[in-house]
Amino acid sequence: MSQFKVVVTDYNYDTFEPEKEVFNKMGIELNFEQCQTEDDVIEKCRDADALLNQYAPISRRVIENLDNLKVVARYGIGVNTVDLEAATENGVAVGNVTDYCLDEVSDHAMALLLSSVRKVTQLNNDVKDGNWDFKIAKPVYRLRGRTLGLVGFGNIPQTLTTKAQAFGLNVIAYDPFVPKEVADELSVRLVEIDELYEQSDYVSVHLPLNNKTEKMINLDAFKKMKKETFIINTSRGPVIDEEGLIEALQTNEIAGAGLDVLEQEPIDADSPLLKMDQVLINPHAAFYSVEAEAELKRKTAQNAADVLSGYFPDYLVNKDVKEKVNLKEK
């Protein structure tokens, strides 16, 4: 029997072969749970040394009740399910995977943008309803020469930039944490957020979810945008104030939206967004490809395995924990 217990807190995956490949080398057997609440995690993962976490809440209360916990490895880029401050205070390393789906999400954002601007889905649906008339999509404006504004300029929007530029788009970005030199290398101009709203023909959102970004893009923001603006979100649903978005769409403050993420997932069956032809909605699918999922699962498992082996993980989120734990650099 292994000296360590590793628990998958919750999951919607069909296979765990990538994780097993990592942990089998250490003689560790995975344990699987489907936790939804803090109480679930505390009860079912009480003696866990490591958690592989998808959506279950890893709150301060959870962390302080798991005495053996050494590492939380997130399936994904975002870490909004984990109380990072509590993890650091309690000597728990938190890992994510920042680079597993750069092409997938940037491709998906571009696909939503193109489908929105060219009205591809609206035209498809109209033809299937028995109509053959391109004029139902009017107005459609030329893409080349217009401006794409990126809210957030991390790895994914940087990858999106070169794809957008290939279509002749001018790219600007808002991100107070990215050096100007990084933007300059990609021929992107960094601007303040209000300038981005005012100048962009299309806005693509790439923000983490935290206290500062929740509902950051609200009705006031939409009122600063052009009437022809389409907004694309492949990051986290709650960074957009959905009530404000609905009002902006209903009053034609903006032209439309392409949403892979929403405040509530799955979307409420009564949401007005479902009845709007100018809105495209996907079921949080931008991250997915066969290759990306396998990479995510392997790297998530490796984050946990590194800590259990006495090393800092390659993708350490809470770097201040280094002062609290006796781990080595690889």
Using the side chain to side chain contact (heavy atoms under 4.5 Å, CB included) criterion, which residues pair with A87? Sequence neighbours excluded. I63, V92, V94, N318

Non-neighbouring partners of K275 that pass side chain to side chain contact (heavy atoms under 4.5 Å, CB included), sequence neighbours left out: none

Once you round to the nearest 0.5 Å, how far does CD1 of I77 lie from CZ of F287? 11.0 Å

Residues E329 and K322 bridged, charged N to O under 4.0 Å: yes

Looking only at atom types and distance, does a side-chain atom of K215 sit under 3.5 Å from a main-chain N or O of E242, one as donor and one as acceptor? no

Can you tell me if CD on Q250 sees more than 12 non-hydrogen neighbours from other groups inside 6.0 Å? yes

Knowing that exactly one of Y55, Y11, F16, Y13 qualifies, which makes a ring-ring contact (aromatic ring centres under 6.0 Å, His included) with Y75? Y13

Could you tell me whether a side-chain N or O of R298 sits under 3.5 Å from a main-chain N or O of E19, the two making a donor and an acceptor? no

May I ask you to decide whether K299 forms a salt bridge with D314, counting only side-chain N to carboxylate O separations under 4.0 Å? no

Between T300 (side chain) and K297 (backbone), is there a donor-acceptor pair under 3.5 Å? no

For atom CD of Q34, decide whether the heavy atoms of other residues, nucleotides or ligands shown that lie under 6.0 angstrom number more than 12. yes

Could you tell me if the side chain of V71 sits less than 4.5 Å from the side chain of P313, heavy atoms only? no

N96 side chain to V79 backbone, donor-acceptor under 3.5 Å: no

Between CE of M216 and CG of L207, what distance do you get to the nearest 0.5 Å? 5.0 Å

My understanding is that only residues two or more places apart in sequence, or in another chain, count here; which of them pass side chain to side chain contact (heavy atoms under 4.5 Å, CB included) with N326? none

Please name all residues satisfying salt bridge (Lys or Arg N to Asp or Glu O under 4.0 Å) with K328, sequence neighbours left out, ordered by chain then number. none

Sequence neighbours excluded, every pair satisfying side chain to side chain donor-acceptor pair (under 3.5 Å) that has a member inside residues 216-235: D194-K224, D201-K226, K227-E253, N233-S235

Using a distance-only test with no angle check, is there a side-chain donor-acceptor pair under 3.5 angstrom linking D126 and Q122? no

Could you work out, with side-chain hydrogen bond (donor to acceptor under 3.5 Å, both in side chains) as the rule, every residue matching T147, not counting sequence neighbours? N170

